[in-house]
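To start, the structure itself, in structure tokens.
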Number of protein chains: 2
Amino acid sequence: MNLELQQFKSEFFKALAHPLRIRILELLSEGDKTVNEIQSIIGSEGSAVSQQLAILRSKNVVFGIKEGTSVIYSLRDPLVKDLLNVAKQIFDNHLVGTITLLEHMRASEQ
Amino acid sequence: MNLELQQFKSEFFKALAHPLRIRILELLSEGDKTVNEIQSIIGSEGSAVSQQLAILRSKNVVFGIKEGTSVIYSLRDPLVKDLLNVAKQIFDNHLVGTITLLEHMRASEQ
DNA sequence: TTCAAATAATCAAATATACGAATATTTATC
DNA sequence: GATAAATATTCGTATATTTGATTATTTGAA
């Protein structure tokens with residue numbers, strides 16, 4: 001496997017390795033939004049949202065288009081939504097696995 | 001969306017945000033392996049591989065089973081392979097997008 | 001006991017995060 | 001044109017976390 005793909009992947013996953021950035025990407029999965037909208041929905045400082053968007057921009061995960069005083073942000077690739085969904089499935093499987101494990105432990109206690 | 005899922009996702013993506021750990025996960029996507037096998041294939045120091053496996057273990061991405069003097073590692077969830085594939089698709093789309101952009105720039109030069 | 005395989009511990013350097021202040025751009029009003 | 005408001009970004013700084021290399025320790029087999 002080539003190094004460029006590996007480098008891309010690690011940078012890409014770094015972009016996703018932060019709660020606020022995940023939240024932003026999930027909002028953008030539902031549709032384009034201004035910084036102001038994102039910050040209102042999330043209830044975060046404007047500069048915090050702007051900074052995280054800057055990181056997402058620099059790793060080519062999102063892009064922004066200026067509209068008057070606002071900037072409208074979009075996912076660069078809709079597959080990001082799919083990726084977040086796979087991660088959710090993994091989480092769900094993880095939960096199921098944990099519950100199953102507890103049940104087995106409980107059963108072997110009796 | 002609940003905080004536990006968000007926390008899980010960010011921790012999970014942190015686990016993936018490192019080249020060596022990605023490489024390890026890709027090898028494990030192809031089948032279970034000992035630390036020694038992984039280190040031979042990758043050509044890394046044994047302690048480096050072991051350290052990264054410890055991180056993957058701590059975030060419940062992989063698990064190891066002791067077999068004599070060796071430990072055989074497995075993905076905890078095969079969906080990790082799917083996730084890496086989606087990331088590869090995003091990379092490919094990114095490349096296509098970059099090439100298309102260069103072509104447009106080239107075309108508008110003439 | 002020795003050896004191989006794996007893991008844990010340690011430490012310094014590098015990188016990321018979090019927060020508030022400062023700055024830049026656009027629009028509307030006078 | 002000047003000014004204020006709205007929107008967004010960048011900067012500066014302190015703190016936290018991760019990375020990478022090295023060494024020490026543990027475990028199991030012979």
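Everything numeric in this text was worked out from a predicted model, so none of it was measured. In what follows, chains are A, B, ... by sequence order, proteins preceding strands, each numbered from 1.
One atom, CG of B:Leu20, and another, P of D:dA21, lie 10 Å apart when rounded to the nearest Å. Rounding to whole angstrom units, CD1 of residue A:Ile72 and C1' of C:dT26 are separated by 14 Å. When the C1' atom of D:dT25 is taken as reference, atom CD of B:Gln51 falls 14 Å away, rounded to whole Å. Atom NZ of B:Lys33 and atom C1' of C:dA5 are 18 Å apart (whole Å). Between the P atom of D:dA8 and the CG atom of A:Leu56 lies a distance of 15 Å, rounded to the nearest Å.
Residues A:Asp77 and B:Phe91 fail the side-chain proximity criterion, which asks for heavy atoms closer than 4.5 Å. Looking at B:Leu16 and B:Leu83, their side chains come closer than 4.5 Å, going by heavy atoms from C-beta outward.
Side chain of B:Lys66, nearest nucleotide from D:dT27, C:dA6, D:dA8: D:dT27. Of all nucleotides listed (D:dT9, C:dA5, D:dT22), D:dT22 comes nearest to the side chain of B:Ser47. For B:Arg21, the listed nucleotide lying nearest its side chain is D:dT19; candidates were D:dT19, C:dT7, D:dT27.
Here A:Ser70 reaches the OP1 or OP2 of D:dA8: one of its side-chain N or O atoms lies under 4.0 Å away. Using a 4.0 Å cut-off, some side-chain N or O of A:Arg57 falls inside it from OP1 or OP2 of D:dT10. Taking only side-chain nitrogens and oxygens, B:Tyr73 comes nearer than 4.0 Å to OP1 or OP2 of C:dT7. Here A:Thr69 does not reach the OP1 or OP2 of D:dA6: none of its side-chain N or O atoms lies under 4.0 Å away.
Contact annotation for A:Gly68: backbone-only contact, meaning every heavy-atom pair under 4.0 Å involves sugar-phosphate atoms and none involves a base. In this structure, A:Glu45 reaches the sugar-phosphate backbone alone: every heavy-atom distance under 4.0 Å involves primed, P, OP1 or OP2 atoms, never a base.
Contact check on B:Glu26 versus B:Lys88 returns no salt bridge, with no Lys/Arg side-chain nitrogen under 4.0 Å from an Asp/Glu carboxylate oxygen.
No single ILVMFWY cluster, assembled from side-chain heavy atoms under 4.5 Å apart, contains both B:Ile72 and B:Val80.
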